[in-house]
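Here the structure comes first, spelled out in structure tokens, and everything after it is commentary.
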There are 2 protein chains.
Amino acid sequence: MDAVRNGKKRLRSTRQGGLVRDQLALGEAFRSAQTVFSELRAQGEVIGLSTVYRHLQSLVDAGEADTLQTVDGEALYRLCGQTARHHHHLVCRQCGRTEEIEGRGVERWAEQMAALHGFTDVDHTVELMGRCAECIAR
Amino acid sequence: MDAVRNGKKRLRSTRQGGLVRDQLALGEAFRSAQTVFSELRAQGEVIGLSTVYRHLQSLVDAGEADTLQTVDGEALYRLCGQTARHHHHLVCRQCGRTEEIEGRGVERWAEQMAALHGFTDVDHTVELMGRCAECIAR
DNA sequence: TCTATACTGGTAATCATTATCAGTCACGCC
DNA sequence: GGCGTGACTGATAATGATTACCAGTATAGA
């Protein structure tokens, strides 16, 4: 980790921070740090890979971006709906299109399971991946 | 990947294959490939890291082991209940104890969500992590 | 026993991510 | 507007898990 970014220290707004955020804002789909970095560089922007990672992490910490892991362990990011509410994702594994879905059902189920086995402090990871209507049509 | 291990080729039973399997059979908790490797080496067994990875992967392919990813992208393995049935896990993040849980509820929910958004071929990742009763008592 | 070939394991290569650290720049203050 | 502090930047090295290579070995059937 890299010092405390969300502690008392005040944050600065920088060109690079804006770049990362804007780039992420461009699409609906989840993108990896490497991808965002390449895209920015391809546009001729001057920015470092570390910086991209840092800003993505900051966005996640601030609750402004969502993150999830691919099966091969790569982290993907995307700007989060203003929804501070807890939610899950239904991701198209072909085009990356993502639907935010609400999971009251799962939440309840998770709680039940936890209680049933005497667990507490239970977090849950729930992601759905499939093929969206458009990709099927194609 | 490393050639096709579950194709037509017949499999051989080897000392190393047994070692990996036995080691995994020792505990209830999920363990990483690196851990299994270290444990075996610590016991004085002669085995290579590549081999451990290969056998763990084979076990997963054969449906004899379960695998899941930690938040930092490390793959964990454990022998699977004979249950060929689809199931999920409730893992204690402190001691690693794991309960296999059945998720008819989630399955249904996942299907509903998929249908609702026009997705098909939907896979789901559902893992619960918390603290088990014993760890809380301590 | 003999042979074909699946399996092994040390080592090098990948690849995403993180740590370092000197240089830069934003921002509050005078 | 000029200054100083320290947060931010980014090139590079390091890390750590996993995979690819490949020559040598051992298994199972003939």
Closest-nucleotide 5' rank along DNA chain D - winner of B:Ser50 and A:Gly17: A:Gly17

Which residues satisfy the ring-ring contact (aromatic ring centres under 6.0 Å, His included) test with A:His117, sequence neighbours excluded? none

Residues pairing under ring pair (Phe, Tyr, Trp, His ring centres under 6.0 Å) where one sits in residues 21-52 of chain A, two or more places apart or in two chains, turn out to be A:Phe30-A:His89

Just jot down the side chain to side chain contact (heavy atoms under 4.5 Å, CB included) partners of A:Ser32, sequence neighbours excluded, or say none. A:Gln34, A:Thr35, A:Glu74, A:Leu76

With sequence neighbours left out, which residue pairs that include part of residues 109-132 of chain A fulfil the salt bridge (charged side-chain N to carboxylate O under 4.0 Å, His left out) condition? A:Asp121-B:Arg131, A:Asp123-B:Arg93, A:Arg131-B:Asp121

In degrees rounded to 10°, what angle is found between the helical axes fit to the five outermost pairs at each end of the helix from C:dT1-D:dA30 to C:dC30-D:dG1? 30°

Pairs satisfying salt bridge (charged side-chain N to carboxylate O under 4.0 Å, His left out), at least one member in residues 16-26 of chain A, at least two apart: A:Arg21-A:Glu64

For B:Gln112, what residues pass the side chain to side chain contact (heavy atoms under 4.5 Å, CB included) criterion, not counting sequence neighbours? none

In terms of side-chain heavy atoms of A:Arg12, which of D:dC8, D:dT9, D:dT27 is nearest? D:dC8

Where along residues 30-47 of chain B does a heavy atom fall under 4.0 Å from DNA chain C? B:Arg41, B:Val46, B:Ile47

Just jot down the side chain to side chain contact (heavy atoms under 4.5 Å, CB included) partners of B:Gln16, sequence neighbours excluded, or say none. B:Thr14, B:Ile47, B:Thr51, B:His55

If you look at every strand shown and take non-hydrogen atoms under 4.0 Å, does B:Thr14 touch a base, only sugar-phosphate, or nothing? sugar-phosphate

